[in-house]
Number of protein chains: 2
Amino acid sequence: MARKSGSHAEITGPKVLKAAERLFARHGFAAVTMRQIAAEVGVQAGALYLYTRDKQSLLADLMLAHLRELLAALPAPDPDPRAALEGFVRFHILHHLSRRDAVFVAYMELRSLNPENFAAVEELRRAYEDHLETIVQRGMAAGVFRPRDSRLATLALIAMLTGVTTWYREGGRLLPEAVAEQYIALACDTLGAGAGQSRS
Amino acid sequence: MARKSGSHAEITGPKVLKAAERLFARHGFAAVTMRQIAAEVGVQAGALYLYTRDKQSLLADLMLAHLRELLAALPAPDPDPRAALEGFVRFHILHHLSRRDAVFVAYMELRSLNPENFAAVEELRRAYEDHLETIVQRGMAAGVFRPRDSRLATLALIAMLTGVTTWYREGGRLLPEAVAEQYIALACDTLGAGAGQSRS
DNA sequence: GTCTATAGCCCGATAGAC
DNA sequence: GTCTATCGGGCTATAGAC
């Protein structure tokens, strides 16, 4: 297993993606330079091209990997609509709070993707939305949820839940699990499944 | 009133802001060049500097003008909490659908602002959130709304409502007024003010 | 008020040494 | 696998002609 001095491919590859994710999330894709990414990793700019074809691929790979992870980690819906909604909301909040950079990039940099990559990302996003809409529709069929329009309610819910990333600060007054519980109550009420909240 | 040939300050000034707004919304602040803005206006790049100190001021002026307009146009809350919420939601949805570019820039380009401009923008945004939170709290005091936490519910509501800009397409199946009505129902239910929706 | 021209700098990506 | 050096080009902002 002798290895040339300066050879760290197995380490550098993931570090490049992590550095790009961090910088894209903070400053935006267009504002970040390959030299900045290289500096964050601790290599020279030219070395990045051993791990990515170009800057655009770096962005697309990040977003696709994140969305595939999200879909793969999605819990199977409980047969009970209310429990299914609870499971989805808890998953969404906890996942989004633990992967803030990836989430931020995936939501903000759609316009930085070229058309092919955009189509691929949109397909995955659509699948995620459809997953929630199925839960909503089952609840409507069961008479538990009563939104006027399942699609609009689904998109409204996802926007509401995802908004948590814009205000939540680590070390704030609420732990992620407590935030999830509050959003579960809000989501149940939003769908008209009532009694989700208390007044205490 | 004789005027030099090529003198169009009263027209060019606003055109610069409109062009910048359009391009920043579509491609992002960092990805747009002064040459692109100039081309959209129909002048050369150097001429832009008659109307703005630099690119950063262009962005800050756009965002501050939009938020000031938003606050100035905000309707005074109805004494009845439910009616106040309805008024706010209708205003928010209709305003956001009619000023999509400005809204998009104001939400997406916070990170492109320098610290002073960021602070000024955040102050206005905070005032807007506080306006809604006051409505929520009055409803709680009146026993009409029952969220567990007024701040969290306020931020969740704003995220839900603002999300309309990500999916609404002009010429789609719903007119803005119909969209507003649906969000009103969702918002009422979200706060536990119930019976906002029907099943038909 | 607008133009042309340009200063001074930084960009993404590649070539070739080690 | 990483570095240094560089190509070709685009950037913001300014100077000076008209």
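The sequence lines fix the lettering, A, B, ..., with proteins before strands; numbering per chain opens at 1.
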Among C/dC3, D/dC3, D/dC11, which is the nearest nucleotide to the side chain of B/Thr33?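 The nucleotide sitting nearest to the side chain is D/dC11.
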
Let's see if you can work this out: which of C/dA13, C/dG1, D/dA13 has an atom nearest to the side-chain heavy atoms of B/Met34?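 In terms of side-chain proximity for B/Met34, the closest of C/dA13, C/dG1, D/dA13 is D/dA13.
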
What residue among B/Lys15, B/Arg26, B/Arg99 forms salt bridge (charged side-chain N to carboxylate O under 4.0 Å, His left out) with B/Glu21?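 The option that passes is B/Arg99.
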
Select from A/Gln36 and B/Val43 the residue whose nearest nucleotide in DNA chain C is closer to the 5' end of that strand.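 Closer to the 5' end of DNA chain C: B/Val43.
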
Atom [atom1] of [X] to atom [atom2] of [N]: distance rounded to whole Å?
X	N	atom1	atom2	answer
A/Lys15	D/dG1	NZ	P	15 Å
A/Arg35	D/dG10	CZ	P	16 Å
A/Arg53	C/dG12	CZ	P	15 Å
A/Leu48	D/dT4	CG	C1'	15 Å

Does [N] have OP1 or OP2 under 4.0 Å away from a side-chain N or O of [X]?
X	N	value
A/Gln44	D/dT2	no
A/Tyr49	D/dC3	no
A/Thr12	D/dT2	yes

NA contact type, B/Val32, heavy-atom cut-off 4.0 Å: base, sugar-phosphate, or nothing?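 Answer is sugar-phosphate: B/Val32 comes under 4.0 Å of backbone atoms only.
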
Test side-chain contact (heavy atoms from CB on, under 4.5 Å) applied to A/Leu58 and A/Leu48, A/Val32, A/Ile37, the passing residue: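 Answer to the side-chain contact (heavy atoms from CB on, under 4.5 Å) test with A/Leu58 among A/Leu48, A/Val32, A/Ile37: A/Ile37.
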
Check this for me: does any side-chain nitrogen of one of [X] and [Y] sit under 4.0 Å from a carboxylate oxygen of the other?
X	Y	value
B/Glu109	A/Arg111	yes
B/Glu129	B/Arg125	no
B/Arg126	B/Glu122	no

Least distance between heavy atoms, A/Val136 atom then A/Pro147 atom: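 Scanning both residues completely, I find the closest heavy atoms to be CG1-CG, 4.1 Å.
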
Hey, quick one: are B/Leu157 and B/Leu71 part of the same hydrophobic cluster, counting side-chain heavy atoms closer than 4.5 Å, chains of contacts allowed?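 Hydrophobic grouping puts B/Leu157 with B/Leu71.
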
Using a heavy-atom distance cut-off of less than 4.0 Å, which residues of residues 54-66 of chain A contact DNA chain C?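 Going residue by residue through residues 54-66 of chain A, the ones with a heavy atom under 4.0 Å of DNA chain C turn out to be A/Asp54, A/Lys55.
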
